[in-house]
Q: 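Sending over a structure as structure tokens; questions will come in a sec.
Chain letters run A, B, ... following the sequence lines, proteins first and then strands; every chain starts at 1.
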Number of protein chains: 2
Amino acid sequence: MVTIPKEDYIKAVFTISFNGNGKVSTKDISEKLEVSNAATSEMARKLSLQGLINYEKYKGISLTAKGEKLALKILRRHRLWELFLIQILGLSWSEVHDQAERLEHHTTEFLIDKIDEHLGFPEFDPHGHPIPRKNGQLPKQPEVTALSEAKIGSSYKLVCVKDESKELMDYLTSIGLQLHTEIRLINKLSFDDSVFVQINKKQISFSKKIADKLSVSVIKN
Amino acid sequence: MVTIPKEDYIKAVFTISFNGNGKVSTKDISEKLEVSNAATSEMARKLSLQGLINYEKYKGISLTAKGEKLALKILRRHRLWELFLIQILGLSWSEVHDQAERLEHHTTEFLIDKIDEHLGFPEFDPHGHPIPRKNGQLPKQPEVTALSEAKIGSSYKLVCVKDESKELMDYLTSIGLQLHTEIRLINKLSFDDSVFVQINKKQISFSKKIADKLSVSVIKN
DNA sequence: CTACAAAGTTAGGGTTACTTAACTTATTTG
DNA sequence: CAAATAAGTTAAGTAACCCTAACTTTGTAG
């Protein structure tokens with residue numbers, strides 16, 4: 001049986017490994033889900049028994065093919081709900097994540113397909129993440145760099161925000177930054193790796209931590 | 001803490017007593033929720049401790065003011081979801097109940113208010129049940145009789161279907177019966193209390209069990 | 001009014017998922 | 001490379017919710 005907490009663990013493994021790539025530590029999962037390491041160890045044993053993860057004690061965790069398939073299903077639900085809540089019910093960028101988190105575990109494939117259809121089979125969610133299709137395929141994402149790695153003087157557009165926290169979304173909204181907004185990199189400070197950019201004719205600086213989360217694609221070199 | 005199973009028990013007490021009126025037996029709750037009597041007894045003890053129900057051993061259950069307030073909140077979520085799923089996502093009459101049942105426990109007041117607004121603050125759900133308002137008030141329902149109690153020769157319109165089972169909804173749809181459809185009572189058979197009616201120029205008979213579930217209001221005597 | 005059936009409760013036990021505390025393994029650093 | 005620290009695991013216990021089986025109460029039919 002795949003219970004709701006199990007779905008959360010599987011999703012956590014997928015999203016953590018999607019960036020860092022490779023094996024996922026139990027510590028990272030515990031932090032993401034805000035549970036004890038003990039709970040994660042115990043769950044790892046169970047998920048491994050169910051064939052959803054590869055797990056060798058002390059050596060980290062990765063998804064099996066079966067686990068990945070499940071993770072993509074869960075992400076499909078989550079991301080379609082996010083888009084739906086913004087486009088149909090008019091929620092804001094910072095509100096959708098928490099709501100989608102609640103709904104995703106209680107949405108049948110039948111219903112999520114209806115939502116998909118109603119939205120016109122979209123490819124990306126409000127954060128720029130690809131929405132897994134019904135068959136599990138991920139739409140191809142454009143070539144991106146982290147804003148923290150971008151080139152001084154070049155122009156970019158925002159393609160993905162790799163974070164869903166309410167606080168960051170509210171901040172980005174408040175400075176007028178949305179998906180597809182143009183960003184020109186003016187300068188970088190090697191002292192703290194912060195970046196200075198121009199957005200809608202205004203200058204803003206981002207800490208490295210934020211700039212790491214902003215995936216951009218080049219418009220003009 | 002009000003957990004999801006607790007919400008289900010509270011909702012069951014409300015809906016069972018809404019018709020039968022007065023005290024609710026643990027047996028009826030057990031049947032509705034498909035759990036053992038033991039589980040219901042145990043839960044009754046807990047809900048009573050939380051001040052949500054009046055409970056005296058062997059004497060039946062009723063909601064306290066606090067419990068009723070909670071029940072109305074849950075019904076508000078359920079009924080708004082049902083209407084939303086039909087009106088916005090195009091689900092059918094027989095499909096919405098199960099889906100709403102899943103979603104209702106994971107919908108914040110914030111979100112349900114958005115849905116309410118998006119639907120234009122509707123008063124009745126797809127079955128004709130009143131939708132509790134944000135303040136807990138129930139819209140006033142029209143004067144109704146059960147079709148099983150109706151007068152031969154009179155014309156009525158269907159106002160409420162007091163059942164949500166997929167099978168019945170599918171059947172009613174298949175014979176062209178919807179909310180507000182005109183029904184003329186042609187005859188009653190006292191042998192089995194079945195009724196003969198005319199709907200959209202076709203004659204149909206309903207068993208007493210079905211006729212009991214159909215609330216109608218008089219159009220023409 | 002007794003006795004029997006139906007309804008309701010209690011006792012004991014199982015599952016899932018979590019906790020803290022104690023322990024083991026792995027990694028880093030002087 | 002030894003010792004300290006970080007990461008990971010196991011053990012024992014808790015809470016919610018459910019079950020079956022045994023028992024008690026209630027209501028009713030003879």
Side-chain angles (χ1 to χ4, degrees), chain A residues 1-14 16-17 19-63 67 70-71 74 101-102 104-106, chain B residues 1-13 15-17 19-63 67 70-71 74 101-102 104-106:
Chain A
M1 238 256 108
V2 179
T3 59
I4 291 165
K6 278 175 185 164
E7 286 197 353
D8 283 330
Y9 281 92
I10 292 295
K11 193 174 69 155
V13 175
F14 186 95
I16 294 169
S17 71
N19 305 317
N21 224 340
K23 299 260 174 155
V24 172
S25 71
T26 50
K27 181 142 193 290
D28 286 348
I29 297 172
S30 305
E31 273 166 13
K32 178 135 196 169
L33 299 181
E34 297 182 280
V35 295
S36 66
N37 286 343
T40 302
S41 278
E42 197 185 328
M43 190 56 98
R45 197 180 49 75
K46 288 189 205 163
L47 294 175
S48 170
L49 275 173
Q50 286 191 267
L52 292 165
I53 62 171
N54 302 116
Y55 172 51
E56 214 185 321
K57 277 188 212 172
Y58 301 103
K59 307 285 179 166
I61 290 167
S62 64
L63 291 176
L70 176 57
I74 304 164
E101 199 89 329
R102 296 171 157 273
E104 66 186 9
H105 298 298
H106 307 92
Chain B
M1 237 252 109
V2 180
T3 59
I4 291 165
K6 280 176 185 165
E7 286 197 351
D8 284 330
Y9 281 91
I10 292 293
K11 193 174 67 155
V13 174
T15 54
I16 294 169
S17 70
N19 305 319
N21 223 342
K23 298 260 173 158
V24 172
S25 71
T26 50
K27 180 142 194 293
D28 288 347
I29 297 172
S30 305
E31 272 165 14
K32 178 132 197 172
L33 300 181
E34 297 182 281
V35 296
S36 66
N37 286 342
T40 301
S41 278
E42 196 186 329
M43 190 58 97
R45 198 180 49 73
K46 287 190 208 163
L47 294 174
S48 170
L49 275 174
Q50 287 191 275
L52 292 165
I53 63 171
N54 302 117
Y55 172 52
E56 215 185 322
K57 276 189 211 173
Y58 301 103
K59 306 286 178 165
I61 290 166
S62 64
L63 291 176
L70 176 58
I74 303 164
E101 199 90 327
R102 296 170 157 272
E104 65 186 10
H105 298 298
H106 305 92

Q: By the 4.0 Å heavy-atom rule, please label B:T40 as base, sugar-phosphate, or nothing.
A: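 It contacts nothing in the nucleic acid.
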
Q: Using a distance-only test with no angle check, is there a side-chain donor-acceptor pair under 3.5 angstrom linking A:S41 and A:T26?
A: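 There is no such pair (donor and acceptor under 3.5 Å, judged by atom type) between the side chains of A:S41 and A:T26.
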
Q: Rounded to whole Å, how long is the line connecting atom CD1 of A:I29 with atom P of D:dG8?
A: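 The distance from CD1 of A:I29 to P of D:dG8 comes to 9 Å, rounded to the nearest Å.
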
Q: Using a heavy-atom cut-off of under 4.0 Å over every strand shown, decide if B:T26 touches base, sugar-phosphate, or nothing.
A: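 Sugar-phosphate contact only.
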
Q: Kindly compute the distance separating NZ (B:K32) from OG1 (B:T15), expressed to the nearest 0.5 Å.
A: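 Going from NZ on B:K32 over to OG1 on B:T15, the span is 3.5 Å.
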
Q: Output a table of nitrogen or oxygen pairs between the protein and nucleotides 15-17 of chain C separated by less than 3.5 Å.
A:
from, atom 1, to, atom 2, distance (Å)
C:dA17, OP1, A:T3, OG1, 2.0

Q: Please tell me which of the listed nucleotides, D:dT20, C:dT20, D:dC18, lies nearest to the side chain of A:A38?
A: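 From the listed options, C:dT20 comes nearest.
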
Q: Near DNA chain C, under 4.0 Å by heavy atom, which residues of residues 52-61 of chain B?
A: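 B:Y55, B:K57, B:Y58 - these, ordered by number, are the residues of the stretch whose heavy atoms sit under 4.0 Å from the strand.
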
Q: Using the side-chain heavy atoms of A:N37, tell me which of these nucleotides is nearest: C:dT20, D:dG8, C:dA7.
A: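 Of all the options, the side chain of A:N37 is nearest to D:dG8.
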
Q: Using a cut-off of 4.0 Å on non-hydrogen atoms, how would the nucleic acid contact of A:A39 be classed: base, sugar-phosphate, or nothing?
A: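 If one applies the 4.0 Å heavy-atom cut-off, A:A39 turns out to touch a base.
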
Q: Please give, in whole Å, the distance from C:dT19 P to A:E34 CD?
A: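 Atom-to-atom, A:E34 to C:dT19, this comes out as 10 Å.
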
Q: Rounding to an integer number of Å, can you tell me how far B:L33 CG sits from D:dC19 P?
A: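 Those two atoms, CG and P, are 10 Å apart.
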
Q: Does A:S41 have a side-chain nitrogen or oxygen under 4.0 Å from the phosphate oxygens OP1 or OP2 of D:dG8?
A: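 Looking at the OP1 and OP2 atoms of D:dG8, neither is under 4.0 Å from any side-chain N or O of A:S41.
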
Q: Looking at B:E7 and B:K11, is any side-chain nitrogen of the basic one under 4.0 Å from a carboxylate oxygen of the acidic one?
A: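 No.
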
Q: Side-chain polar contacts of residues 46-60 of chain A - donor-acceptor pairs under 3.5 angstrom, sequence neighbours left out - could you list them?
A:
from, atom 1, to, atom 2, distance (Å)
A:Q50, OE1, A:K6, NZ, 3.0
A:Q50, NE2, A:M1, O, 3.2
A:N54, OD1, A:S62, OG, 3.3

